[in-house]
Amino acid sequence: MASGAQNDYERRRLENIRRNSEMMASLLLQRKAADLSASLKRPSSKTPKPSPDRKKSRPSPQPPIVIRRSLRTRGLPPDQSPHPEPSDVAPSPPASDVAAARRGPLLAREVFFQGPGSSDLGFKDVILGASGRPSSDLGKEGGPFDPRSSLVLRPENVGKVLSERILTVKFFPFGDRTVIAVGNKLGHVGFWDVDYGEGDGDGVYVYAPHSAPVSGISIHPFSPTKVFTCGYDGFIRLMDIGKETFNMIYSSDAPIYSICPQPNDNNYLYLGEGSGELKMWDQRVGKVSSSWDLHEQRINTIDFHPENSNLVATSSTDGMACIWDLRSIKNDRPESLKNVQHRRAVHSAYFSPSGSFLATTSIDDSVGILGGNNFDDLTLIRHNNQTGRWLSSFRAIWGWDDSYLFLGNMRRAVDVISIKEKTTTPLESEHMTSIPCRFAAHSCKRGSLACATAGGKIYLWTGS
DNA sequence: GTAGCTCTTAGTCGT
DNA sequence: ACGACTCCAGAGCTAC
C-alpha cells in the first residue's frame with residue numbers, strides 16, 4: 001500500500017479520536033443540564049428531532065403500558081385500516097413500542113414498518129411462492145471454486161435494508177429466489193427480496209418485533225415460512241409468514257444473545273441467555289425443557305456439528321470456545337469435549353461444512369482453526385478484529401466447503417482466509433463503501449455471500 | 001460481584 | 001472533499 005493512503009488512514013483515526021472526546025465532553029454537559037432541569041421539574045429543552053426510525057433502543061426494566069389496541073382485540077377486520085406511511089409522524093405509538101408492550105401474539109401488520117407502496121402484502125407471496133419450489137443444491141456442482149477470483153459485487157446487489165447497525169444476517173434457503181433477513185440494534189427485522197425487479201419501492205420489508213437489538217435470526221431449512229428472532233429484550237418471537245403473525249414463544253428477564261435450531265429436528269431451538277446459559281426450547285411443549293450453565297459470560301454463538309447433532313460449539317465473551325456433547329453435559333459441573341482458550345472475548349465458533357474444522361474469532365486479534373484427528377490441532381491466524389464502538393464484532397464464517405473463511409476487514413473489504421495456504425486475501429470493490437461486519441453464505445447458491453454493515457446496508461457478492 | 005470509569009472510532013448527511 | 005453530527009456499545013480494568 002502507498003504510504004499516502006496509510007497516512008490518510010492514520011489522520012482519519014486521530015481525527016475521530018479527537019472528535020469523540022469533544023462529543024463526550026458535550027454529552028456530559030447535556031446530561032448535567034438535563035439533571036438540573038429534571039430537579040427543577042421542567043422539561044429539558046433538548047428535544048431530538050423526530051425521525052421515523054429513531055425509536056427508543058434500550059430495553060426498559062418495566063414493560064411500558066399498552067397504549068395501542070390491535071384491530072383484533074377491538075373486534076375489527078384486519079383490513080379495516082390502511083398501513084401507515086413510514087414517514088408518518090402521527091401521534092399513534094410506533095411499531096417498536098407495540099412490540100415492547102405486548103408479550104402475547106402480534107399481527108405482523110401491527111409491527112410493520114415499511115415496504116413497497118407501504119404494504120407488506122407482496123412479501124407473503126414472495127416467501128410462499130419461493131418456498132413451494134425445491135431448494136436443491138443449485139450451484140454446488142462444478143469444479144474447484146476459488147472465491148478470491150470468482151466473487152463479484154454488482155452495483156444492483158447493494159441494498160439499504162435497515163437504518164442503524166445490523167447484528168445478524170441470514171439467507172432464506174431458496175434455490176430460485178434470493179431473499180435475505182437482517183436484524184438491527186433498534187429491534188427491527190428487515191427482509192430484502194433481491195429479485196424484486198420493477199415496481200413500487202425496492203423489495204425491502206421492515207418490521208419492528210423487538211424493543212432492543214435483534215441478536216439472532218433462525219430460518220429452518222425445512223420450514224422457511226417460520227422465522228425465529230431473538231433479542232436483547234429477552235424475547236424469542238416466531239414469525240409465521242403464512243399466518244402473518246409475529247408471536248412471542250419465549251420470554252426471559254435476561255437478554256438472549258444467540259439462537260440455533262437443531263439441524264435434524266425442527267422441534268428444538270437452542271438459545272444463549274444471560275451470563276452463559278444454554279437452553280433448549282421444545283416446540284412440542286412450548287417451553288424450555290433443558291438448561292445448562294456453560295459459560296461465565298454471554299454466549300455469542302451456538303453451532304451444531306453438521307454430521308453429529310449431539311455435538312454443539314459455543315463461543316463466549318469469557319474467552320472460551322467449546323465443543324460439547326449434549327448427551328453428557330452435567331449441569332452442576334459441565335465438561336466440554338474440547339475448548340479453545342482465547343486471550344479475550346470470543347465472538348464466534350463455527351463448524352466447517354464437513355465438520356472437520358472449527359473456526360473461532362476473537363477480539364484478541366486472532367482467528368482460530370481447530371482441526372486434526374480429534375480437534376487436537378489449533379492454528380491461530382492473526383487478524384485485526386478491533387471493530388470499536390460503532391461496528392458489530394467480526395465473525396469468521398465458512399463458505400461452501402472446508403477451504404475458505406470469510407470475515408470483515410476494517411479497510412472496507414472482505415477477508416478470505418485460505419485454510420490450506422494459511423493466507424488472508426482481501427476482496428475489494430468500488431461499490432463496497434462501508435465495512436462489512438456480519439456475514440452469511442447461501443446454503444444452496446455457491447458464491448452468494450451476504451455482508452451486513454453498521455449502517456444497515458447489505459452487500460451481496462455472487463459467484464461469477 | 002458489581003458499579004463505575006476508560007477506551008475505542010464508523011457512517012451519514014449537509015455544505 | 002470536508003466538517004458536523006450521531007451519541008450511552010462492549011470490553012476491560014479498578015475499587016469497593
Side-chain angles (χ1 to χ4, degrees), chain A residues 4-5 8-35 44 46-61 158-168 183-187 212-215 231-233 254-255 257-258 272 274-276 293 295-301 315-320 342-348 361-366 384-395 408-413 431-438 451-459:
Chain A
D8 188 53
Y9 178 73
E10 184 65 12
R11 190 185 55 77
R12 263 180 86 126
R13 198 180 72 87
L14 292 172
E15 182 67 10
N16 275 330
I17 293 167
R18 185 189 60 76
R19 213 172 283 144
N20 190 52
S21 60
E22 286 174 3
M23 181 195 82
M24 289 313 289
S26 83
L27 267 179
L28 198 63
L29 280 176
Q30 281 181 28
R31 182 166 298 176
K32 280 184 175 165
D35 289 348
S44 166
K46 295 272 181 200
T47 39
K49 65 173 190 290
S51 154
D53 219 359
R54 264 188 56 78
K55 318 292 177 192
K56 74 180 180 58
S57 58
R58 266 178 298 176
S60 46
V158 177
K160 171 83 171 173
V161 180
L162 293 173
S163 65
E164 279 294 351
R165 200 178 99 227
I166 290 172
L167 285 83
T168 180
N184 75 357
K185 78 164 199 176
L186 300 177
V214 180
S215 48
Y232 290 13
D233 57 6
Y257 294 110
S258 41
S275 301
D293 198 4
H295 286 276
E296 296 295 314
Q297 291 176 66
R298 55 189 257 184
I299 295 173
N300 293 308
T301 60
S315 65
S316 169
T317 295
D318 68 10
M320 297 287 268
H342 280 273
R343 291 192 309 279
R344 293 176 69 189
V346 191
H347 275 276
S348 65
T361 309
S362 167
I363 60 163
D364 70 2
D365 279 346
S366 67
N384 175 21
N385 296 328
Q386 302 305 305
T387 50
R389 174 187 184 178
W390 314 109
L391 271 61
S392 296
S393 55
F394 290 159
R395 295 175 172 179
N409 174 317
M410 290 299 281
R411 309 292 287 268
R412 299 192 176 97
H431 307 302
M432 202 158 70
T433 53
S434 46
I435 296 167
C437 301
R438 293 286 161 96
C451 316
T453 74
K457 277 186 193 157
I458 298 179
Y459 302 111

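Please read all numbers here as calculations on a predicted model, not as lab measurements. Lettering follows sequence order; numbering is per chain, from 1.
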Peer 1: Taking side chain to side chain contact (heavy atoms under 4.5 Å, CB included) as the definition, give me every residue that meets it alongside A/Thr168, ordered by chain and number, with sequence neighbours left out.
Peer 2: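 A/Thr168: side chain to side chain contact (heavy atoms under 4.5 Å, CB included) contacts with A/Lys170, A/Val214, A/Ile217.
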
Peer 1: Nearest whole Å is fine: how far is B/dT9 P from A/Asn384 CG?
Peer 2: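 About 9 Å, once rounded to whole Å.
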
Peer 1: Rounded to the Å, how far apart are A/Asn385 CG and B/dT9 P?
Peer 2: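 So the CG-P distance, A/Asn385 to B/dT9, works out to 13 Å.
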
Peer 1: Polar pairs (N or O, both sides) under 3.5 Å between protein and nucleotides 12-15 of chain C?
Peer 2:
{"unit_1": "C/dG12", "atom_1": "OP1", "unit_2": "A/Arg344", "atom_2": "NE", "d": "2.6"}

Peer 1: What pairs with A/Thr433 under side chain to side chain contact (heavy atoms under 4.5 Å, CB included), at least two apart in sequence or on another chain?
Peer 2: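 A/Lys457, A/Tyr459.
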
Peer 1: So, using side chain to side chain contact (heavy atoms under 4.5 Å, CB included) as the criterion, who are the partners of A/Gln297 when residues are at least two apart?
Peer 2: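 If we apply the side chain to side chain contact (heavy atoms under 4.5 Å, CB included) test to A/Gln297, skipping adjacent residues, the hits are A/Ser316, A/Thr317, A/Asp318.
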
Peer 1: Check the distance between B/dT9's P and A/Arg412's CZ and give it to me in whole angstrom.
Peer 2: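 Between P of B/dT9 and CZ of A/Arg412: 14 Å.
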
Peer 1: Rounding to a whole Å, what distance do you find between A/Arg389:CZ and C/dA11:P?
Peer 2: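 Taking CZ of A/Arg389 and P of C/dA11, I get 15 Å after rounding.
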
Peer 1: In whole angstrom, give me the gap between the C1' atoms of B/dT6 and C/dC8.
Peer 2: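 So the two C1' atoms sit 14 Å from each other.
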
Peer 1: Using the P atoms only, state how far C/dC5 lies from B/dT9, rounded to an integer number of Å.
Peer 2: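 Per the computed distance, 22 Å lies between those P atoms.
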
Peer 1: If you assign each of A/Thr387 and A/Lys457 to its closest nucleotide in DNA chain B, which residue comes earlier from the 5' end?
Peer 2: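 Checking each residue's closest nucleotide, the 5'-ward one belongs to A/Thr387.
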
Peer 1: Rounded to whole Å, please give me the gap between CG in A/Leu186 and P in C/dT6.
Peer 2: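 Rounded to the whole Å, the gap is 16 Å.
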
Peer 1: Is there a side-chain contact between A/His347 and the phosphate of C/dG10, meaning an N or O under 4.0 Å from OP1 or OP2?
Peer 2: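 Negative; the distance criterion is not met.
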
Peer 1: Return the value, rounded to whole Å, for the distance between atom CD of A/Glu164 and atom P of C/dT6.
Peer 2: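 Rounded to the whole Å, the gap is 12 Å.
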
Peer 1: Are there any protein N/O atoms within less than 3.5 Å of an N/O atom in nucleotides 13-15 of chain B, and if so, which ones and at what distance?
Peer 2:
none

Peer 1: Can you tell me how far C1' in C/dC7 sits from the matching atom in B/dC7, rounded to whole Å?
Peer 2: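 Pairwise C1' distance, C/dC7 against B/dC7, rounds to 15 Å.
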
Peer 1: Find the distance between CE (A/Met320) and OG (A/Ser315) and round it off to the nearest 0.5 Å.
Peer 2: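 A/Met320 CE to A/Ser315 OG: 12.0 Å, rounded to 0.5 Å.
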
Peer 1: Using ring-ring contact (aromatic ring centres under 6.0 Å, His included) as the criterion, list what pairs up with A/Tyr257, not counting sequence neighbours.
Peer 2: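 Scan of A/Tyr257 (ring-ring contact (aromatic ring centres under 6.0 Å, His included), adjacent residues dropped) gives A/Tyr232.
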
Peer 1: Return the value, rounded to whole Å, for the distance between atom OH of A/Tyr232 and atom C1' of C/dC8.
Peer 2: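 The answer, rounded to whole Å, is 14 Å.
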
Peer 1: DNA chain B: A/Gly455 or A/Gly388, which has the more 5' nearest nucleotide?
Peer 2: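 Counting from the 5' end, the first nearest nucleotide belongs to A/Gly388.
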
Peer 1: Report yes or no: do A/Ser393 and A/Thr387 form a side-chain donor-acceptor pair below 3.5 Å?
Peer 2: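 Result is no, nothing qualifies.
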
Peer 1: What's the NZ-P distance between A/Lys185 and C/dT6, to the nearest Å?
Peer 2: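 After rounding, the gap between these two atoms is 13 Å.
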
Peer 1: Output, in order, the C-alpha distance, side-chain angles, deciding distance and verdict of side chain to side chain contact (heavy atoms under 4.5 Å, CB included) for A/His347 and A/Asn385.
Peer 2: CA-CA 10 Å; A/His347 275 276; A/Asn385 296 328; over 6 Å; no

Peer 1: What is the distance from atom CZ of A/Arg389 to atom CZ of A/Arg165, rounded to the nearest 0.5 Å?
Peer 2: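 One gets 11.0 Å once the value is rounded to the nearest 0.5 Å.
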
Peer 1: Looking at SG of A/Cys451 and CZ of A/Arg412, how far apart are the two atoms once the value is rounded to the nearest 0.5 Å?
Peer 2: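 The distance works out to 14.5 Å.
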
